[in-house]
Amino acid sequence: MKNTKEYIICAAIWYKELQLKNPDVLKIRGFAPYNVDKGIVFCGWRHQNCLYQMVAITGFTNHEAGHSIEGFLTSKNRFVDREEAMKIAIEAGQVKEKETCNKCKLFSEDLY
């Protein structure tokens, strides 16, 4: 897997402060992204899908859920923020490089 090209799979939001009843379950066989050490990552087609999953499961509003980061899940089971995701998507040929950006950020609308 180290020699394969990494690409963006889907939108994701990492809720770092959400308390899990049994967090060890997600560590088994890589059910959680490898670089996530706490909280939970919700994935979906768009970031709103992730948000509404969290609300439906926890009953919290986005503000009540604590610190979160919008980003993406990669083919190497990593959570990346919008800036790193843009670099990966450009390298993988999923999007074209934007000509006029210093800190380009990926949005799911850029992918599909």
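In this chain, numbering begins with 1 at the start of the sequence shown. All values reported here derive from a predicted model rather than from experimental measurement.
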Please find the pair of heavy atoms, one from Glu17 and one from Ala65, that lie closest to each other, and give the distance. CB-O, 4.0 Å
Using modelled atom types only, decide if a donor and an acceptor are shared between the side chain of Arg46 and the backbone of Ser108 within a distance under 3.5 Å. yes
Examine distances only and state if a side-chain atom of Tyr34 and a backbone atom of Lys76 form a donor-acceptor pair shorter than 3.5 Å. no
Distance check, rounded to the nearest 0.5 Å: Met86 atom CE versus Glu83 atom CD? 10.0 Å
Residue among Phe72, Phe42, Phe79 satisfying ring pair (Phe, Tyr, Trp, His ring centres under 6.0 Å) with Trp14: Phe79
Give a yes or no on whether Tyr15 and Ile57 share a hydrophobic cluster (residues Ile, Leu, Val, Met, Phe, Trp, Tyr; joining criterion: side-chain heavy atoms under 4.5 Å apart). yes
Treating Ile, Leu, Val, Met, Phe, Trp and Tyr as nodes and any side-chain heavy-atom pair under 4.5 angstrom as an edge, say whether Ile8 and Ile90 lie in one connected cluster. yes
In this structure, would Ile69 and Val41 fall into the same cluster of hydrophobic residues linked by side-chain contacts under 4.5 Å? yes
Would you name the heavy atoms of Ala12 and His47 that are closest together and state the gap between them? O-CD2, 3.3 Å
Quick one: does Gln94's side chain get under 4.5 Å of Asp110's, heavy atoms only? no
Decide whether Phe31 and Leu20 are clustered together by the hydrophobic rule: side chain heavy atoms of Ile, Leu, Val, Met, Phe, Trp, Tyr closer than 4.5 Å, transitively. yes
Count the heavy atoms belonging to other residues, nucleotides or ligands that lie under 6.0 Å from CD of Glu91, then report whether that count exceeds 12. no
Side-chain donor or acceptor of Asn77 paired with backbone N/O of Ala32 under 3.5 Å: yes
To the nearest 0.5 Å, how far apart are CG in Asn62 and CG in Leu51? 5.0 Å
Enter the distance from Asp81:CG to Lys105:NZ here, rounded to the nearest 0.5 Å. 8.0 Å
From OH (Tyr7) to OG1 (Thr74), nearest 0.5 Å: 9.0 Å
Roughly how far, to the nearest 0.5 Å, is CD1 of Ile40 from CD of Gln19? 11.5 Å
Of all the heavy-atom pairs spanning Cys50 and Ala11, show the shortest one and how long it is. SG-O, 3.6 Å
Write out all pairs satisfying salt bridge (charged side-chain N to carboxylate O under 4.0 Å, His left out) with one or both partners inside residues 55-75, taking only residues at least two apart or from two chains. Glu70-Arg82
Looking only at heavy atoms, which two atoms of Ser75 and Ile9 are closest? And how far apart? CA-CD1, 3.5 Å
Is there a path of hydrophobic side-chain contacts, each under 4.5 Å between heavy atoms of I, L, V, M, F, W or Y residues, that connects Val55 with Ile13? yes
Once you round to the nearest 0.5 Å, how far does NZ of Lys5 lie from CD1 of Ile88? 12.0 Å
Can you see which heavy atom on Leu111 is nearest to which on Ala89, and at what distance? CD2-CB, 4.4 Å
Do Val80 and Lys87 make a side-chain contact, defined as non-hydrogen atoms from C-beta onward lying under 4.5 Å apart? no
Taken in chain and number order and not counting sequence neighbours, the residues that satisfy side-chain contact (heavy atoms from CB on, under 4.5 Å) with Lys38 are Lys16
